[in-house]
Amino acid sequence: MRTPHGRTRRRVTALTLLLASALAAAVLPTASAAPRPGPSAAGPGPSTAGPGTDYATDDPFSADRTSWFRKDRFGMFIHFGAYSNLEGEYTRPDGTVCRDAEWIQRQCDIPKDAYEKQAATFNPADFDAKAVVKAAKDAGMRYIVITSKHHEGYAMWPTKVNSWNLRDHSAFDKNRDILAELKKASDEAGIKLGFYYSIWDWHDPDFPDPATFPKYEKRMYAQLKELIDTYDPALLWFDGEWATDKPNNPWTARDGERLEAYLRGLDPGLVINNRVGKRRVVDGDYGTPEQEIPGAPVDGQLWESCMTLNGHWGYARYDQDWKSGTTLVRNLLSTTSRSGNYLLNVGPDARGRIPAPSVERLKEMGTWLRTAGQGEAVHGAGFGGLVEEPQWGTVSRKGDKLYAAVTQWPAAGSALHLKARTDFTVKSARVLGSGQRVEVTKSGDGYDLKPSGTATNPTATVIELTVDPGPTAPAGRGTGLKQEIFDTPELSGSPKVTRTDPSVNHSWKFTGSPDPDIASDGFGIRWTGAVEPRRSETYTLSTVSDDKVRVWIDGTLVIDAWSPHEPRIDKAQVNLKAGTRHSIRIEYAEQTGEAHMKLLWSSPGQEQQVVPREQLYPR
Ligand code: FHN
């Protein structure tokens, strides 16, 4: 099926649409626990969302669907809305000045009519999509996420759902559509485009009251369908999912379950963040730490750190507290070295222009990335894995290359030490952008790197190591684990279903279950068989579970989370031998509420992933 702008939409099967529409129409309790009819934005349909539904359709750590996101590493966030028209300052009728950016209406208690009046003068005539995309591409950014609707509820596209939008309520050219302009420019530049969409809506009168919230929800579904059908975004970045007031936010995890299923029914290729639900490890495809960088790869989920260039997301004319280009490059190196993405924000002004200091810093980042191939340490790279993160910089890995980005260059004759996490060898080393020799010697618990010259730049000098990561067995020929499903959480009696489960990668949430004959609550599962690692290393096994789980390896209980819990991660370190089929037994129980069960692994030489089918054998 061709979409309006020429891209072939991924084929959406009838079942996924049916499931999506059924979910949209499913009656689910609201925050007040009273049943609340879901919106029928996707149209009515028989309720297939129930026992037998499993929302885990792939492993975001290894699926083709998320491949671009895991490789791109660096994106541009754009906060642009009616709030931009005030440029961070609101002068009250009494002459006092109140300052904020995208929260200005709420934080400065601007009356609705006054806010609508100022929005009517909004005219971002100088918004230049090609210039925005060029700034992103020149910075080394590979994707863009723009606010299509922030908490103020103002749509930045000509939505048909209401008139509170840039087409119908502004002084802007009524023949222009900035999201369409951005989509065209992004496609031409080979940049992915995503949309930020706030669930929390300060403008829609039906939003705060759980009794009327379904009317808002139906409009929200309709707007999201407009965005997908009109602009074919690669990613949806939800926000405003948290419990709050002014106005009250009725959004629940069940609402998130239904919305995520609806969206995946519309476009199975979408990448969706975890704020579609309640910002948990079981929501969406990736976690969203904000204004901070996790110290290591995030357990159980991909992740992306979003950050401002100064102190505000939306434009604030008085905020000149800009991060330096060096800080920004080092932040990007830190996120990459922990297998995360960096979503760096710009806030266009009232005319739609990106502030010059923002453009300057993005140019500095792009220059560093383009110099001497230093961008290889970021694009397509990820967790260093083979070595501990050093004090003197960061280490990312891409295949047989380790990129040591040195921010504290050693004194002449001194060495940089890398602590090894596994047996691997260094075959060669070179400084990108310099012909200087680098002496590599085995030393204690790792390697010493002794460069013979000076750093190439003050931000970070990259030493590229070519390594042999050590023996990795060929992929196995496994088919999965034996799975026995019981209709009691005690796993008592005889199993109602016995089959081979290709991988332990399940998200039954509130409405689903492992089989149509198994109710959504009150079931138990036992998996048995063998797990065969491809490397002889210490593996970290992680379970993502709700309600209860325990795991045995070679008869030893290594994870014991046998008390009911909300969605959470439990981990164990186990020494596994390549080519050996270590026995594994997993017991899981769902009592009531949500149900999730995933088994992931990682090791110094193995990126985090759901344990794949070919390494699992039923017994
Ligand atoms: O309230 C928003 C805020 O305005 C901004 O959009 C950030 C960006 O991720 N998200 C929320 C705060 O967590």
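Atoms within each ligand, like the ligands themselves, are counted from 1 in listed order.
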Indicate the ring-plane relationship of Phe77 and Trp237, choosing parallel, tilted or perpendicular according to the 30° and 60° boundaries.
tilted
Give the atom numbers and elements of ligand 1 that come within less than 4.0 Å of a heavy atom of Arg275.
9 (O), 10 (N), 13 (O)
Taking NZ in Lys112 as the centre, count heavy atoms belonging to other residues, nucleotides or ligands within less than 6.0 Å. Is the count above 12?
yes
Under 4.0 Å from a heavy atom of Tyr196: which atoms of ligand 1 are those, numbered in the order shown and with their elements?
6 (O)
Under a 4.0 Å N-O cut-off, is there an ion pair linking Lys149 with Asp204?
no
Quick one: do the Thr147 and His79 side chains pair a donor with an acceptor below 3.5 Å?
no
Describe, in one word, how the ring planes of Trp202 and Trp200 are oriented to each other, choosing from parallel (under 30°), tilted (30 to 60°) and perpendicular (over 60°).
perpendicular
For atom 7 (C) of ligand 1, what is the nearest protein heavy atom, given as residue, atom name and distance?
Glu290 OE2, 3.5 Å
Can you tell me which portion of Phe238 lies within the under-4.0 Å heavy-atom range of ligand 1? Options are side chain, backbone, both, or neither.
neither
Can you list the ligand 1 atoms lying under 4.0 Å from a non-hydrogen atom of Trp237?
9 (O)
Atom 11 (C) of ligand 1: the protein heavy-atom neighbour that sits closest, reported with distance to 0.1 Å:
Asp239 OD2, 2.9 Å
Number the atoms of ligand 1 from 1 as they appear, then name those within less than 4.0 Å of a heavy atom of His150, with their elements.
3 (C), 4 (O), 5 (C), 6 (O)
In ligand 1, the atoms that come under 4.0 Å of a heavy atom of Trp103 are 1 (O), 2 (C), 3 (C), 4 (O)
Do the rings of His151 and Trp103 sit parallel, tilted or perpendicular, given the 30° and 60° boundaries?
perpendicular
Taking the side chain as C-beta and beyond, is there a heavy-atom pair between Val132 and Ile78 under 4.5 Å?
yes
On the ring face of Phe383, is Arg338 found with NZ or CZ under 6.0 Å from the centre and within 45° of the axis?
no
Less than 6.0 angstrom separating the ring centers of Tyr154 and Tyr83, yes or no?
no
Would you mind checking which non-hydrogen protein atom is closest to atom 4 (O) of ligand 1, with the distance to 0.1 Å?
Glu102 OE2, 2.6 Å
With a cutoff of 4.0 Å, is Trp200 in contact with ligand 1, counting heavy atoms of the residue only?
no
Taking the six-membered ring for Trp and the full ring for Phe, Tyr or His, determine whether the centres of Tyr196 and His150 are under 6.0 Å apart.
yes
When you compare ligand 1 with Trp313, is there at least one nitrogen or oxygen pair between them that comes in under 3.5 angstrom?
no
His151 heavy atoms, cut-off 4.0 Å: which ligand 1 atoms fall inside?
1 (O), 2 (C)
Close-contact set for ligand 1 against Trp242 heavy atoms, below 4.0 Å:
1 (O), 11 (C)
Is the closest heavy atom of Gln291 to ligand 1 under 4.0 Å?
no
Atoms of ligand 1 under 4.0 Å from any heavy atom of Cys306, numbered from 1 in the order shown, are 9 (O)
